[in-house]
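Lettering follows sequence order; numbering is per chain, from 1.
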2 protein chains.
Amino acid sequence: MIERIPNLLRAHGIKPSHHRIKVYEYLVEKRNHPSVDMIYQELVQNIPTLSKTTVYNILNLFLEKGLAVMITIDENETRYDADTSLHGHFRCNNCQGIYDLRLDPAAWEWESLDGFEINESHLYFKGLCPECCH
Amino acid sequence: MIERIPNLLRAHGIKPSHHRIKVYEYLVEKRNHPSVDMIYQELVQNIPTLSKTTVYNILNLFLEKGLAVMITIDENETRYDADTSLHGHFRCNNCQGIYDLRLDPAAWEWESLDGFEINESHLYFKGLCPECCH
DNA sequence: TTCATTTTTGTAATCATTCTAAATTTATAC
DNA sequence: GTATAAATTTAGAATGATTACAAAAATGAA
Ligand SMILES: [Mn+2]
Ligand SMILES: [Mn+2]
Ligand SMILES: [Zn+2]
Ligand SMILES: [Zn+2]
């Protein structure tokens, strides 16, 4: 289990440094679509010398190597997701939580996309989550 | 035709100042999902005293009054759209153009959204547009 | 060890957006 | 009309996320 992440990083052409493993661990354990700052604030508690630039560098490397995707559901802060499969997101305007929406990939194939070559797909909803609807 | 826009603004509770009319005119005529800077660079040619802050103010007012929507398909610059109907967008990674995708609203009603109260829906695709696929 | 390469760090720079207070314009009262 | 109040616009400073950059530290091979 503890050995899985280094191998996964290596499989994506990423040398598994301690910091990189910790960032990836954060993404897969929390599954909270964090911002750079959320990751930094958590990891800096155990890695006091951690630089926020390092978190940026690592996340950009993950994006480049296809190990994570960027979520732009928040207008002024990039969020990250280690789940690179095709799925949608919902952001609650009250509790600010970002939830996964499991969607049928077939529903994503729109006829109006004929002629376009698709590299990325993003589906975002915003509103109130079930708990915040009280 | 020239009188329609002031009335539309008034209907949305917006006093139709000259600047506001010009910004709205830009949005509906160009239909290019512009950034603040794109609007500013165009309008400042005829309104030399125009401030970029004014463009920000006006667009934020439009968003607040439901006269336009914010498009976050570009990671580092907000885009705006005067078409507030439910439709998707495609951004070409080559020519940087943003295209409308007319989609069947029925297809947006996912069963996994039960319990969520939806205020906004965004569907973005990125890749190559038909022309850039050569 | 030595030396080269990679990774991390701290700080400065960039850039989009917001804040703020003054200036200008527009509307209202007299 | 003028005076006054309110709304709009403006310029520049402040903010905040992200990137650039160059030095420091860690890693790994010879
Ligand atoms: Mn997700
Ligand atoms: Mn559109
Ligand atoms: Zn909520
Ligand atoms: Zn194109």
Side-chain angles (χ1 to χ4, degrees), chain A residues 5-6 9-10 12-26 33-65 67-81 91 96 98, chain B residues 5-6 9-10 12-26 33-65 67-81 91 96 98:
Chain A
I5 290 178
L9 298 192
R10 265 186 287 263
H12 283 79
I14 297 170
K15 196 183 298 187
S17 73
H18 180 240
H19 291 172
R20 288 166 180 172
I21 292 169
K22 284 300 177 189
V23 170
Y24 193 78
E25 248 178 38
Y26 181 102
H33 310 91
S35 64
V36 163
D37 196 61
M38 290 164 72
I39 299 172
Y40 172 78
Q41 295 301 338
E42 172 81 11
L43 298 191
V44 78
Q45 296 179 42
N46 293 320
I47 313 172
T49 65
L50 182 65
S51 165
K52 202 176 279 190
T53 299
T54 299
V55 181
Y56 276 104
N57 289 341
I58 289 172
L59 287 168
N60 284 335
L61 181 67
F62 286 178
L63 295 182
E64 188 187 321
K65 299 296 188 180
L67 208 65
V69 292
M70 182 184 285
I71 308 290
T72 60
I73 199 170
D74 186 317
E75 294 93 11
N76 60 330
E77 222 179 359
T78 303
R79 303 295 196 113
Y80 298 87
D81 194 349
R91 196 204 54 200
Q96 306 300 325
I98 296 179
Chain B
I5 289 178
L9 297 192
R10 265 186 289 264
H12 283 79
I14 296 171
K15 196 183 300 186
S17 72
H18 179 239
H19 291 174
R20 287 166 180 172
I21 292 169
K22 284 300 177 190
V23 170
Y24 193 78
E25 250 179 37
Y26 181 101
H33 309 90
S35 64
V36 164
D37 197 60
M38 289 164 73
I39 299 172
Y40 173 77
Q41 295 301 337
E42 172 80 11
L43 298 191
V44 78
Q45 296 180 42
N46 295 319
I47 314 171
T49 65
L50 182 65
S51 165
K52 202 176 279 190
T53 299
T54 298
V55 182
Y56 275 104
N57 290 340
I58 290 173
L59 288 168
N60 285 335
L61 182 66
F62 286 178
L63 294 183
E64 188 189 321
K65 300 295 188 181
L67 209 66
V69 292
M70 182 184 286
I71 307 289
T72 59
I73 199 170
D74 187 316
E75 295 91 11
N76 58 330
E77 222 178 357
T78 302
R79 302 296 194 113
Y80 297 87
D81 193 349
R91 193 201 59 198
Q96 306 299 323
I98 296 180

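- When rounded to the nearest whole Å, the span between NZ of B:K52 and P of D:dA13 equals 16 Å.
- In this entry the distance linking CG of B:D74 with C1' of D:dT18 reads 14 Å, nearest Å.
- At the heavy-atom level, A:S35 lies nowhere under 4.0 Å from the strands shown.
- Comparing atom distances between the B:R20 side chain and each of D:dT9, D:dA11, C:dT6 picks out D:dT9 as nearest.
- Residue contacts shown for A:D37 are absent, as no nucleic acid heavy atom lies under 4.0 Å away.
- Between the A:R20 side chain and the A:I14 main chain, no donor and acceptor come within less than 3.5 Å of each other.
- Taking both residues in full, the closest heavy atoms of A:S51 and A:Y40 are given as C-CE1, 3.9 Å, listed atom of the first, atom of the second, then distance.
- For D:dT9, neither phosphate oxygen OP1 nor OP2 lies less than 4.0 angstrom from any side-chain nitrogen or oxygen of B:T49.
- Between B:Y56 and the phosphate of C:dT17, there is a side-chain N or O to OP1/OP2 separation shorter than 4.0 Å.
- Following rounding to the nearest Å, B:M70 (CE) and C:dA16 (P) show an atom-to-atom distance of 15 Å.
- Across A:R10 and A:P16, no two heavy atoms sit closer than the pair NH1-CG, 3.3 Å.
- Atoms NZ (B:K22) and P (D:dT8) sit 19 Å apart, rounded to a whole Å.
- The side chain of B:K15 has D:dT8 as its nearest neighbour among C:dT7, C:dT8, D:dT8.
- At whole-Å resolution of the value, CD1 in B:I47 and C1' in D:dT9 are 11 Å apart.
- One atom, CG of A:N76, and another, C1' of D:dA14, lie 16 Å apart when rounded to the nearest Å.
- Listed for the B:T72 side chain is no donor-acceptor partner under 3.5 Å among the backbone atoms of A:E75.
- Listed candidates were D:dT9, C:dT8, D:dT18. Nearest to the side chain of B:I58 is D:dT9.
- When distances are taken from the side chain of B:E77 to each of C:dA16, D:dT10, D:dA7, the shortest belongs to C:dA16.
- Distance, B:R79 CZ to C:dA16 P: 11 Å, rounded to whole Å.
- Across D:dT18, C:dT8, C:dA16, the shortest atom-to-atom separation from the side chain of A:S17 is found for C:dT8.
- The side chain of A:H19 lies closest to C:dT8 when the candidates are C:dT18, C:dT8, D:dT9.
- When rounded to the nearest whole Å, the span between OH of B:Y40 and P of D:dA11 equals 8 Å.
- Not one N or O on the side chain of B:R91 forms a donor-acceptor pair closer than 3.5 Å with the backbone of B:I98.
- Of all nucleotides listed (D:dA7, D:dC21, D:dT18), D:dC21 comes nearest to the side chain of A:T53.
- Nearest-nucleotide positions on DNA chain D place B:I14 closer to the 5' end than the other of A:N60 and B:I14.
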